Amino acid sequence: MSAPAAAPAPAAVPEEFPHKAFIGNLSFKTTKDELNDFFAQVVDVKEANVMAIGTRSLGYGFVTFGDEASLQKAIAERNGKELGGRVINVEVARPITEETLAARKEKTAARRRQARNRKPRGDKANGAARVDAAEEAEDERPQQQQQGRGGDAGAEESASPRQGKRRPRRFPKKDGKSEGGEQTAAAATAEPSAAAKKDLRKPSETVAFVGNLPFSTTDEELSKLFADFTISSAHVVFNQRSKRPKGFGFVTFASPADHSKAIAEFTANPLVASGRELFIKAALSETPVASEPESSSA
């Protein structure tokens with residue numbers, strides 16, 4: 001009996017290139033080939049990918065280079081440039097931490113548990129069937145309960161109002177008015193919507209909104225941008241779920257004078273951070289503006 005043939009040696013797995021750049025603000029129409037060609041014009045590209053769910057682009061991607069020098073050159077020459085009609089931002093890609101992965105897994109598990117415990121909702125047809133069944137039960141009640149105490153049909157004329165025909169209920173419309181046009185009490189006393197509350201907010205006198213920040217900006221770096229002014233705090237806003245920066249932040253000044261001066265100065269001469277032009281404006285305060293009283297009709 002001949003000896004079994006030796007198993008073939010496994011194919012060599014190519015080493016993953018660690019020099020990777022994150023490309024943000026991509027057009028949803030940009031393909032990975034277009035992304036590859038865009039960077040291949042300046043440096044040697046090993047791999048380019050556009051992140052997507054199915055065939056729908058997520059608006060960002062990654063490009064891998066052969067060495068650190070190529071990575072830095074690509075960031076220097078392509079950050080802030082236009083691709084596909086949009087100004088992209090190019091940064092060093094950072095690995096996802098174990099804490100972030102654990103948080104995502106826990107979030108997915110919580111959604112699955114919630115979906116399993118969720119009770120199915122009945123449709124309108126089921127609701128109508130329940131109403132019909134209630135009406136049929138009302139019609140099948142004993143005859144003596146529908147007539148007067150005497151038990152004859154003539155007693156129906158002296159029956160209580162409850163045994164007469166029911167008045168149709170008048171449901172309020174979406175605009176808060178009943179079918180007759182009167183405004184309902186619920187609509188008159190209802191709280192204003194979120195959009196209405198937002199319109200009532202006024203600009204803050206000490207807090208400024210700073211937009212178009214690079215995603216790598218920290219609180220300390222944001223504070224240094226306003227070193228010429230007296231500020232109380234500066235913080236970058238992060239997404240509570242993904243723990244990723246949103247690209248904007250807030251700066252609190254020590255006085256309204258510094259607040260106004262900084263906005264005026266950086267509006268005329270915008271700040272630039274990592275190749276991105278920042279914009280600054282007064283943040284909206286949570287204190288609503290007092291609305292003017294309506295003039296009474298004569």
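Everything numeric here is computed off the predicted structure, so don't read it as measured data.
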Atom CD of E265: over 12 foreign heavy atoms under 6.0 Å:
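Atom CD in E265 is crowded, with more than 12 foreign heavy atoms closer than 6.0 Å.
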Can you name the nearest heavy-atom pair linking [X] to [Y], along with the distance?
X	Y	result
S255	T206	C-CG2, 4.3 Å
A52	S57	CB-CA, 3.9 Å
E221	S216	OE1-O, 3.6 Å
A282	H259	CB-CE1, 3.8 Å
D44	F65	O-CD2, 3.6 Å
G80	V87	O-CG1, 3.3 Å

Rounded distance (nearest 0.5 Å) linking atom [atom1] of [X] with atom [atom2] of [Y]:
X	Y	atom1	atom2	answer
E277	N269	CD	CG	10.0 Å
N49	I23	CG	CD1	11.5 Å
L271	F279	CG	CZ	12.5 Å
R113	T108	CZ	OG1	10.5 Å
F22	I88	CZ	CD1	10.5 Å
K46	K20	NZ	NZ	14.5 Å

Between F215 and R276, is there a cation-pi geometry (under 6.0 Å to ring centre, at most 45° from the normal)?
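Geometry flag: set, cation within 6.0 Å and 45°.
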Do the side chains of [Y] and [X] get nearer than 4.5 Å, heavy atoms only?
X	Y	answer
F229	V251	no
I75	V92	yes
V90	F39	yes
S70	H19	no
L225	L278	yes
N89	N79	yes

Do [X] and [Y] sit in the same hydrophobic cluster, where Ile, Leu, Val, Met, Phe, Trp and Tyr count as joined when their side-chain heavy atoms come under 4.5 Å apart?
X	Y	value
F238	L222	yes
F62	L83	no
V50	L58	no
V237	V207	yes
L35	M51	no

Look at the aromatic rings of F253 and F226 and report parallel, tilted or perpendicular, splitting at 30° and 60°.
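If you compare the ring of F253 with that of F226, the planes turn out perpendicular.
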Where at least one partner belongs to residues 22-43, residue pairs that pass side-chain hydrogen bond (donor to acceptor under 3.5 Å, both in side chains), sequence neighbours excluded
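Every pair satisfying side-chain hydrogen bond (donor to acceptor under 3.5 Å, both in side chains) with a residue in residues 22-43: N25-R86, Q41-R78.
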